[in-house]
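Order of the sequence lines fixes the chain letters, A, B, ..., with proteins taken first and strands second; residue numbering starts at 1 for each chain. Keep in mind that what you see is a predicted model, and the values were worked out from it rather than measured.
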Amino acid sequence: MLIVWSTYKRIRTGILRAVPWSFMVSRVATGVTQILFPYFLYRYFMKGNLSPAFLRYTGGADYITYIVLGSALNVLAVSTLMNVGRALITELREGTLEVLLLAPASRGPYFAGCLWEQTARALLEFGATLLVGALLGARLGPLFSLSALAAIGLAILSFFCMGLLLSGVMLRTRDTYITQNTLFVTMSLVCGVVFPIPYLPEWVQRLAQVFPLTPAVELFRSAVLRQEPLSAHPGWILQILLLSGLYLLAGVLWNRRLEKTMLENIFG
Amino acid sequence: MKNIWLVMKAEIVKQRRHDYHSYFVWFSLLLWPVLGFLEVYYTYQPFSFAGRGGIQDSQDLLAFLGTGYMGYTCFWSMVQNAWSMSWEERQGGTLEMAFLTPANRLAMHYGKALGALIQEVWMFCCFCLFILFRTDTLRWDNLLLLPVFLGLLLLASTVWGGMVGALCLFSRDSSLIMDFLETPMNLFSGTRIPVSSFPLWARALSLLFPLTYCLQLIRMLLHIGEPGSQMLSSFLGLGLCMAAMIGITVWVTRRVERHNRETGELNFF
C-alpha cells in the first residue's frame with residue numbers, strides 16, 4: 001500500500017510541477033472534438049435524418065447520447081492506456097528507470113499507483129466530456145445507476161490490463177509516438193465509438209473484438225441508454241474479463257522477461 | 001531572384017535531410033490520415049443523406065471528403081511542421097542563424113513551408129487522387145483541372161505555412177496555436193461538412209480560415225456539392241486572406257528582428 005501511495009504522490013507532484021495543463025487540456029479537447037463533428041453533422045447538415053439501419057443497430061438510441069457515451073469512454077480508454085502504458089518508458093527517459101528496477105518494491109503496486117494517480121485525472125476528463133455532451137443535449141440521467149458505474153469500473157480494469165502490455169511494448173521498442181497514435185487511431189475507428197460497428201466490413205468487426213473498448217462501450221451504452229442491468233449481457237462481461245486476463249498475463253510475462261535484460265542494455 | 005530561389009532550395013534540402021530518416025514517416029504521412037478519413041466516412045453512415053448539400057450517394061460523399069481531406073492535410077501539415085521545426089531550431093541552437101543570416105526572410109519561411117509540404121503530403125494526396133479517380137470526379141476529359149487545383153492548393157498552403165512558421169519560430173510556447181487551429185479549422189472550414197449547412201455564426205467563423213475559400217474553389221472546379229456559391233467571391237476571399245497572411249508574416253518577422261536587436265532575446269512572445 002505504501003508503494004501505491006508513494007508512486008501516486010511522486011507522479012502527481014511531477015505532473016503538477018512540470019506540465020500542469022497541457023496533458024489534460026489536450027485530451028479533453030480530443031473528447032470534445034469527437035463529439036462536435038457528429039453533432040454538427042446531425043444537427044445542422046442532416047437535420048436529424050437518421051437511417052433506419054442505425055435505429056435497428058442501436059435499438060432506437062438517441063444519436064447524441066450515443067456518440068457522447070462512446071466518445072467519453074474513448075477518452076477514458078486513451079488516458080488510461082496512455083498513462084499506464086507510458087509509465088516505464090517515461091522513467092527510462094527521465095533517467096529513473098534504473099532506480100526503479102533496483103528498488104525492492106514490486107511492479108504490481110507500482111502500476112496500481114500509476115493507475116490510481118491517472119484515474120483521478122482521467123475521470124475529470126471523462127466528466128468534462130460528458131458535461132459538454134449534456135450541454136449539447138445528451139440524456140445522461142441514468143449515468144448514476146449501479147450498472148453504469150460498474151460498466152465504467154470494468155472498462156477501467158480492462159484498459160489497465162491492456163496498458164500493462166502496452167508499457168512492455170513501448171519499453172521494448174523505445175517508441176511511444178508510433179505505437180500510441182496507431183493504437184488510438186485504430187481504436188477510435190473500429191471500436192464503435194461514434195458509429196455502430198456493423199457498418200464496418202466483417203473482418204474489421206472481428207478485429208475490433210480484440211480491443212476491450214468494443215464490448216465495454218456496448219455495455220456502457222446498454223446501461224445508460226436502455227437502463228439494462230449488467231446481468232443482461234453476460235457475453236460482453238465475459239469478453240471484457242477474458243481480454244483483461246489475457247492482456248494481464250501477456251503484460252506480466254513480457255515485462256518480467258524484459259526486466260531481466262533491461263539493466264544490461266539500458267543505454268542501448 | 002536567384003538568391004531567393006537559392007534560399008528556398010536550401011531550406012527544402014535541409015528539411016529533407018532532417019526529416020526523412022525513419023520509417024515512422026510512413027505511419028504519420030499515410031496510415032493515420034487514411035484511418036482518420038475512413039472514420040469520418042463511417043461517421044456519415046448512420047444518416048440517410050439523399051440529396052443534402054448536393055451529395056447524392058456514397059460516391060459523392062467520397063469525392064467531397066476526398067477533396068476536403070486533401071486540403072486539410074496540406075494546411076494541417078504546415079501547422080504541425082512549423083511547430084516541430086520551431087522546437088528543433090530552438091533546441092538545436094540554429095535559431096540564431098535565422099536572425100544572423102543575410103538571406104531573404106520571406107524566402108526562408110516559404111522555403112520551409114514548401115519543403116515540408118512537398119514531402120509530407122504527397123502520399124496522402126495520392127490516396128485522395130485515387131479516390132477522386134475512383135468516384136469519377138476526375139476523368140480523362142477534365143484532367144487538365146488537376147494541375148490547376150493542385151497549384152492552387154500548393155500556393156495557398158505555402159502562404160499559410162509561411163505565416164504559421166513565422167508565428168511558431170519566434171515563440172517558445174506555440175503549442176497553443178496547434179490547439180486553436182486543429183479542431184476549428186477542421187470543423188469550420190468545410191473539410192467534413194459543407195459550410196453552407198452551418199448556422200450563421202459558424203459560417204462567419206469559417207470566413208477566417210483560408211482553407212474555406214480554397215476548398216470552395218476546388219469543389220467548384222470539380223463540380224462537387226451544391227453549385228450556388230460564386231467563383232469570384234471565393235477568389236476574392238482567398239486573395240484577401242493570402243494578402244493578410246503575407247502581411248502578418250512580414251510584420252511578425254520585422255517586429256521579432258527589431259526586438260532581437262534591441263534586447264538580444266530569441267523569444268518574442
Side-chain angles (χ1 to χ4, degrees), chain A residues 19 21-22 25-26 28-58 61 63 66-67 70 173 175-201 204, chain B residues 22-28 30-55 58 61 64-65 84 173 175-176 178-188 190-203 205-206 225-226:
Chain A
V19 280
W21 285 108
S22 63
V25 170
S26 79
V28 173
T30 318
V32 174
T33 324
Q34 230 170 10
I35 301 174
L36 270 187
F37 164 57
Y39 176 77
F40 265 65
L41 190 61
Y42 174 77
R43 176 89 195 277
Y44 297 120
F45 188 32
M46 297 299 174
K47 308 233 173 355
N49 206 349
L50 288 166
S51 76
F54 175 78
L55 300 174
R56 200 172 60 243
Y57 289 145
T58 60
Y63 183 74
Y66 183 88
I67 52 163
T173 55
D175 159 80
T176 50
Y177 191 62
I178 298 181
T179 319
Q180 81 191 30
N181 283 327
T182 310
L183 183 67
F184 296 151
V185 176
T186 313
M187 270 173 44
S188 83
L189 172 65
V190 304
C191 291
V193 174
V194 285
F195 56 85
I197 57 168
Y199 285 114
L200 292 164
V204 182
Chain B
S22 71
Y23 59 94
F24 105 86
V25 291
W26 294 95
F27 283 91
S28 63
L30 187 67
L31 189 67
W32 298 341
V34 169
L35 288 178
F37 175 87
L38 287 176
E39 189 185 340
V40 171
Y41 175 72
Y42 278 109
T43 309
Y44 264 91
Q45 293 303 310
F47 299 97
S48 38
F49 47 79
R52 263 168 217 283
I55 296 173
S58 57
L61 180 64
F64 177 80
L65 292 177
S84 66
D173 201 12
S175 67
L176 208 62
M178 300 264 282
D179 292 335
F180 270 117
L181 286 180
E182 183 179 11
T183 314
M185 187 165 80
N186 199 340
L187 191 62
F188 292 116
T191 312
R192 307 188 277 193
I193 309 174
V195 177
S196 58
S197 67
F198 286 165
L200 199 63
W201 62 269
R203 246 185 285 179
L205 266 181
S206 78
E226 285 173 313

Discussion item. Angle between ring planes, F198(B) versus F40(A), binned at 30° and 60°: parallel, tilted or perpendicular?
Written reply: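 F198(B) and F40(A): perpendicular rings.
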Fill in: Portion of L187(B) that has a non-hydrogen atom of chain A nearer than 4.5 angstrom
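Looking at L187(B), just its side chain touches chain A.
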Discussion item. Aromatic contact between Y199(A) and Y41(B), with the criterion being ring centroids under 6.0 Å apart: yes or no?
Written reply: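 Aromatic pair excluded; centres sit 6.0 Å or further apart.
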Worksheet item: Closest heavy-atom contact between G36(B) and V185(A)?
Response: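 Scanning both residues, the minimum pair turns out to be N-CG1, 4.3 Å.
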Item to complete: Work out which heavy atom in L41(A) is nearest to a heavy atom in I193(B); give both atom names and the distance.
Response: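 Scanning both residues, the minimum pair turns out to be N-CD1, 3.6 Å.
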Worksheet item: Given the rule in the side-chain contact (heavy atoms from CB on, under 4.5 Å) test, do Y42(A) and F47(B) qualify, once you have shown the distances and angles that lead to the verdict?
Response: CA-CA 8 Å; Y42(A) 174 77; F47(B) 299 97; 3.6 Å; yes
Where does [X] contact chain B at under 4.5 Å (heavy atoms): side chain, backbone, both or neither?
X       : answer
T58(A)  : neither
L200(A) : both
Y63(A)  : side chain

Worksheet item: Once you round to the nearest 0.5 Å, how far does CG of N186(B) lie from CG of L36(A)?
Response: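 Here the interatomic distance stands at 11.0 Å.
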Fill in: Point-to-point distance, once rounded to the nearest 0.5 Å, from OH of Y44(A) to OG of S196(B)
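That separation rounds to 14.5 Å.
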Worksheet item: When heavy-atom pairs shorter than 4.5 Å are enumerated against chain B, which of I67(A), T186(A), L189(A) gives the highest number?
Response: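 Going by pairs under 4.5 Å, I would pick L189(A).
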Worksheet item: Do Q45(B) and F54(A) have side chains that get closer than 4.5 Å, going by heavy atoms?
Response: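 Answer no - side chains too far apart.
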Fill in: Criterion side-chain contact (heavy atoms from CB on, under 4.5 Å) on V194(A) and Y42(B), from CA distance to verdict
CA-CA 9 Å; V194(A) 285; Y42(B) 278 109; over 6 Å; no
